[in-house]
Q: 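Below: one structure in structure tokens.
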Amino acid sequence: MLPVAAARPGVTLVGRGRAAGPDAAEWSFVMATFSAPRGAYLVWSAGLLAYTVAVLQRSSFGVAGLDAAERFDASPTVLAGFLVLQLLVYAALQVPVGLLLDRFGARAMVLAGAVTMTAAQVLVALATALPLAIAARVLVGIGDALTFISVLSVVSVWFPARRVPLMTQLTALLGQSGQVLSAIPLATLLHGHGWTTAFLAAAAAGLVATIAVAAVFVNRPPGSPEPAPAASPREVLDGLAGAWRHPGTRLGLWSHAGTQFSGLVFALLWGVPYLVAGQGMSPAGASVMLTVLVAAGAVAGPVFGEFTARHPLRRSWLVLAVIGSTAVVWAIVLLVPPPAPLWLLVLLVVVLAANGPCSAVGFDYARTFNPEHRRGTAVGIVNVGGFTASLLTTLLVGAVLGISGGYTPEAFRVAWLVQFPIWAITVAGVLVARRRARRVLAEEGTIVPPLREVLRRRRRTP
């Protein structure tokens with residue numbers, strides 16, 4: 001899709017769907033500047049550190065799931081409840097956080113998130129009773145919710161428009177190194193020095209991120225125009241309604257939902273138990289697989305970011321391709337009697353790794369289809385999609401495991417089937433929202449030709 005902000009009345013754009021140079025039609029409305037303000041990368045680095053540590057805090061239960069089940073005597077359903085509550089809080093706060101972001105700015109939001117997650121991990125480290133541990137994970141969800149979209153908002157202000165999709169992908173994929181920190185150092189501390197030491201170390205990482213953000217993270221470059229005055233409650237509601245009404249925002253929501261949940265649920269909770277109890281891998285081998293997931297995502301992220309920038313009219317096809325390939329590979333893995341061949345499990349992890357970078361396309365829709373004053377709200381709406389799908393999947397997998405006899409290979413084969421109806425719903429949502437978004441573009445003078453027509457035209461071009 002071409003950004004709505006770039007459309008001009010009376011202009012007809014015929015996209016050819018190919019990677020092209022500066023004379024390509026899809027680039028004709030994109031700002032060509034590549035220079036970022038001085039200090040942009042320092043500010044971005046502080047935000048990236050905060051997001052990386054947030055991912056560490058978010059994913060810490062992914063390597064501690066079986067340990068948590070033993071420490072708190074938790075069944076699969078109760079264990080799923082830890083993550084479900086965390087994701088539920090995260091998803092429920094996305095729209096309020098977007099509104100608060102538009103009102104108070106990114107620095108205050110990222111600082112609040114870092115402090116909240118640091119305190120939460122201290123509580124997790126000291127908790128011996130289930131209610132306190134659940135409350136602490138809820139706090140992790142609150143702090144996590146404040147972080148990512150706030151960091152993205154600073155990226156969109158500090159970097160030129162042409163570079164924003166790539167910087168968004170870099171932020172998302174480099175931030176996933178927090179999963180590596182949980183999969184290797186945190187897991188090593190957990191199994192070598194115990195629960196309390198491991199989670200106090202995670203809290204210490206949060207303190208480092210807090211200091212870095214307080215020191216160098218700034219909302220906007222010096223000399224840039226001041227943001228508009230804080231909106232009134234009526235303007236806030238109008239902005240929320242306007243963001244939701246635009247089909248481009250809903251296209252972002254369904255894209256984010258369909259591409260995020262499978263990889264996220266695998267990384268945050270059920271991946272390690274599945275690989276260990278469902279596929280017979282060692283805990284160390286399962287941790288390595290999570291590291292492969294992050295590394296593969298690091299390769300996919302820049303590729304997807306560049307594709308998004310070069311082919312804004314074809315972003316939805318990338319989303320549909322990732323959803324389809326993920327569903328196909330999962331189907332093959334579940335059809336093979338466990339233990340599956342190692343190469344097939346590695347393929348599954350690599351395909352899951354593409355989901356995270358692809359989900360960032362949803363944020364690109366929110367950014368390009370909405371004016372600046374409501375982008376935070378639109379990004380919050382989009383972020384609800386992926387985390388709602390993730391919490392539903394987490395809960396359903398845990399429920400099916402509980403009904404099917406616990407952590408057994410056959411129970412896991414049945415449990416992972418809950419993903420397929422969610423993929424069907426999100427694909428339908430993408431197709432409907434895409435059609436409506438293209439109708440809006442056509443009214444504004446931008447025509448998006450069908451992909452088959454573009455391909456046919458390319459074949460005829462000598």
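Heavy-atom basis, side chains included; hydrogens, waters and symmetry copies ignored.
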Q: For F148 and F363, what are the C-alpha separation, side-chain angles and deciding distance, and is it a ring-ring contact (aromatic ring centres under 6.0 Å, His included)?
A: CA-CA 11 Å; F148 183 53; F363 301 127; 5.2 Å; yes

Q: Do R315 and T308 pair up side chain to side chain, a donor and an acceptor below 3.5 Å, judged on atom types alone?
A: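 Result is no, nothing qualifies.
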
Q: Tell me yes or no: between the side chains of T326 and S262, is some donor less than 3.5 Å from an acceptor?
A: no

Q: When the ring centroid of F266 is compared with that of W270, is the distance short of 6.0 Å?
A: no

Q: Please name all residues satisfying salt bridge (charged side-chain N to carboxylate O under 4.0 Å, His left out) with R250, sequence neighbours left out, ordered by chain then number.
A: none

Q: Taking the side chain as every heavy atom from C-beta outward, state whether V154 and V43 have any pair of such atoms under 4.5 Å apart.
A: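 V154 vs V43: side chains touch.
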
Q: Treating H256 as the side-chain partner and G385 as the backbone partner, does any N or O pair qualify as donor plus acceptor under 3.5 Å?
A: no

Q: Of the options D364, V361, L152, which is the one that meets T168 in a side-chain contact (heavy atoms from CB on, under 4.5 Å)?
A: L152

Q: Once salt bridge (charged side-chain N to carboxylate O under 4.0 Å, His left out) is applied, do any residues pair with D144, and if so which ones, sequence neighbours excluded?
A: R58

Q: Begin from the C-alpha positions of W330 and W416 and carry the test ring-ring contact (aromatic ring centres under 6.0 Å, His included) through to its verdict.
A: CA-CA 8 Å; W330 261 119; W416 284 117; 4.6 Å; yes

Q: In this structure, which one of L264, V322, L293 forms a side-chain contact (heavy atoms from CB on, under 4.5 Å) with N355?
A: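 It is V322; the other options fail the test.
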
Q: Between T249 (side chain) and R245 (backbone), is there a donor-acceptor pair under 3.5 Å?
A: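 It does not hold such a pair.
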
Q: Indicate yes or no for a side-chain donor-acceptor contact from Q57 to the backbone of A202 under 3.5 Å, with no hydrogens or angles considered.
A: yes

